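Beneath this line is the structure, given in structure tokens, with notes to follow.
Throughout, a chain's letter reflects where its sequence line sits, starting with A, and its residues are numbered from 1. Here the structure is a predicted model, which means the values were calculated and not measured.
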Protein chains: 2
Amino acid sequence: MPRKAARPTASKDTQTAILDAAEELIQTHGSNGISYATISERVGIRKASIHHHFPTKDKLVEELVRRYARDFLTNVDLIVGSRRKAPAKLRAYIQLFESTLEAAPGRRLCLCGMLGAERENLSPQAATLLKRFYRDNEHRLGQILEAGRKEGTLEFAGDPRTVGMSLFSFLEGAMIVARADRGSRQFRQLSDGVMGLLAG
Amino acid sequence: MPRKAARPTASKDTQTAILDAAEELIQTHGSNGISYATISERVGIRKASIHHHFPTKDKLVEELVRRYARDFLTNVDLIVGSRRKAPAKLRAYIQLFESTLEAAPGRRLCLCGMLGAERENLSPQAATLLKRFYRDNEHRLGQILEAGRKEGTLEFAGDPRTVGMSLFSFLEGAMIVARADRGSRQFRQLSDGVMGLLAG
DNA sequence: GTCTATAGCGCGATAGAC
DNA sequence: GTCTATCGCGCTATAGAC
């Protein structure tokens, strides 16, 4: 029985370190704003070693979106499945974005908001994953909104799914606009106001 | 009296052609997604000729933001100063964004929404111009919203300027999200819904 | 699995002829 | 004002030693 782990496990940490560094760098500078050199400096390995784990930049970005979407939606599902009322769920959901903007170092955007701006330069696979992330979020927001209106804690006109799509678009846009000015303070001010519009 | 124009006038058209091409390319691919070579192909001149008009890429981007902000805000001021009621003004304002998304070729983002995502790679001057564009738009939206509430055609809770900032953020975000999916149709669906939330 | 070294190309920018 | 030519550098990606 091997003491720790024998074969393919040692690389797992390096892969994760590469993804972590790439994620933060792309959330800040965009995928067109960084290079293998940028990542390698951050991780402390050579460019060629990154190619060993992720043969092309496109594959790296695709894996990044997959991981980000999986982790993010896991958190969203925890919120959706919790026993709180709709307004509290909405606030918790919005907090996911706010904490991203506050994450050190600097002001990070949602990975998929950033990549949405760069969409025309992405691989077709990455573009598909991106669209799926948007739809998954819009769907879950629609669920929260619909339940809130039914239980009487939220008040708004129109289709919940459409309002959910609008709320999601607002959050992605607010991260970009707030980063250029007063940061997470501005983001919180705006999202509190929007919560007010939906709660009546 | 010279028949047409003697000295510094012939270049004006080339400068404009460069700015036009750069604008469309950056709205689509981002400033990190294009190069002097990309622009030169589109305009039909050589890279070196672009450097004659805009010595560095930073200066080109700065001039682009200046021109875009000037033209866009001129259109906004025409809307603000018109005799229509607030809901019609709001619709006209939103139409400015929708027509950008519809502009051929392809789906263009707001230049300043795109550059907002790339903000951390911009020159300090460009970043300042960007922030000013955001604030100018938010200010004018606040005016429209406040007037609408006073005249009784709009109904919403909270500070009009804050709601204006939120609406602006929504529009920037909706362009990005809609481009990844159903385009201007989706954008119109969402913005119509938001208009409904503000009109009661 | 990580390294050095390098291929092959595109980048922003400049020099200098016309 | 536009061109050709080129510099110096950074990029993605690969080959091959260890």
Side-chain angles (χ1 to χ4, degrees), chain A residues 2 4-23 25-26 28-65 115 118 120-126, chain B residues 2 4-23 25-26 28-65 115 118 120-126:
Chain A
K4 207 72 193 269
R7 260 196 339 278
T9 335
S11 69
K12 193 82 180 294
D13 291 330
T14 300
Q15 277 201 18
T16 303
I18 292 168
L19 288 172
D20 289 346
E23 182 174 290
L25 287 165
I26 293 179
T28 307
H29 301 281
S31 72
N32 288 333
I34 64 143
S35 69
Y36 272 58
T38 325
I39 302 169
S40 79
E41 283 165 29
R42 191 67 64 106
V43 177
I45 59 175
R46 297 301 196 162
K47 288 191 292 172
S49 306
I50 302 179
H51 280 286
H52 172 78
H53 296 281
F54 303 97
T56 69
K57 204 181 177 185
D58 279 348
K59 298 268 189 197
L60 171 57
V61 169
E62 288 158 24
E63 188 52 38
L64 212 44
V65 176
L115 293 179
E118 295 180 303
E120 301 302 307
N121 307 355
L122 297 180
S123 72
Q125 276 109 314
Chain B
K4 208 71 194 268
R7 260 195 338 279
T9 335
S11 69
K12 191 80 180 292
D13 291 331
T14 301
Q15 277 202 17
T16 303
I18 292 167
L19 288 172
D20 289 346
E23 182 175 289
L25 288 165
I26 293 180
T28 307
H29 302 281
S31 73
N32 288 332
I34 64 143
S35 69
Y36 272 58
T38 325
I39 302 169
S40 78
E41 283 165 30
R42 190 69 63 105
V43 177
I45 59 174
R46 297 302 195 161
K47 285 193 297 171
S49 307
I50 302 179
H51 280 286
H52 173 77
H53 295 281
F54 303 96
T56 69
K57 204 182 179 187
D58 279 347
K59 298 268 190 195
L60 171 56
V61 169
E62 287 157 25
E63 188 52 39
L64 212 44
V65 176
L115 292 179
E118 295 181 303
E120 301 301 308
N121 307 340
L122 297 180
S123 71
Q125 275 109 314

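- Here the side chains of A/Thr28 and A/Ile34 are not in contact, with every heavy-atom distance at 4.5 Å or above.
- Rounding to whole angstrom units, CD1 of residue A/Ile50 and C1' of D/dC11 are separated by 13 Å.
- The side chain of A/Ser35 sits closest to D/dT12 out of D/dT12, C/dC11, D/dT2.
- Rounded to whole Å, atom P of C/dG12 lies 13 Å from atom CG of B/Asn121.
- Screening A/Asn121, A/Val61, A/Leu64 for a side-chain contact (heavy atoms from CB on, under 4.5 Å) involving A/Leu115 leaves a single residue, A/Val61.
- Between the NE2 atom in B/His52 and the OG1 atom in B/Thr14 there is a gap of 9.0 Å [rounded to 0.5 Å].
- A sub-4.0 Å separation between OP1 or OP2 of D/dA13 and a side-chain N or O of A/His52 is absent.
- Here the side chain of B/Gln125 pairs no donor or acceptor atom with the backbone of B/Glu62 at under 3.5 angstrom.
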May I have the step-by-step check of side-chain contact (heavy atoms from CB on, under 4.5 Å) for A/Leu19 and A/Leu60, ending in yes or no?
CA-CA 8 Å; A/Leu19 288 172; A/Leu60 171 57; 3.7 Å; yes
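- Rounding to whole angstrom units, CD1 of residue A/Ile34 and C1' of D/dT12 are separated by 12 Å.
- The OG1 atom of A/Thr56 sits 5.5 Å away from the OH atom of A/Tyr36 when rounded to the nearest 0.5 Å.
- Between the CD atom of B/Gln15 and the C1' atom of D/dT2 there is a distance of 14 Å, given to the nearest Å.
- A/Asp13 places its CG atom 15 Å from the C1' atom of C/dT2, with the value rounded to the nearest Å.
- In this structure, the CG atom of A/Asn32 is 14 Å from the C1' atom of C/dG10, given to the nearest Å.
- Atom P of nucleotide D/dA13 and atom CD1 of A/Ile39 are separated by 11 Å, given to the nearest angstrom.
- At the phosphate of D/dG1, neither OP1 nor OP2 sits under 4.0 Å from any side-chain N or O atom of B/Ser49.
- Here the P atom of nucleotide D/dA13 and the CZ atom of A/Arg46 are 19 Å apart, to the nearest Å.
- At least one donor-acceptor pair closer than 3.5 Å links the side chain of B/Lys57 to the backbone N or O of B/Ser31.
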Summarise protein proximity over nucleotides 13-18 of chain C in one line of letters, 5' to 3': B for base, S for sugar-phosphate only, - for none, counting protein heavy atoms closer than 4.0 Å.
BBB---
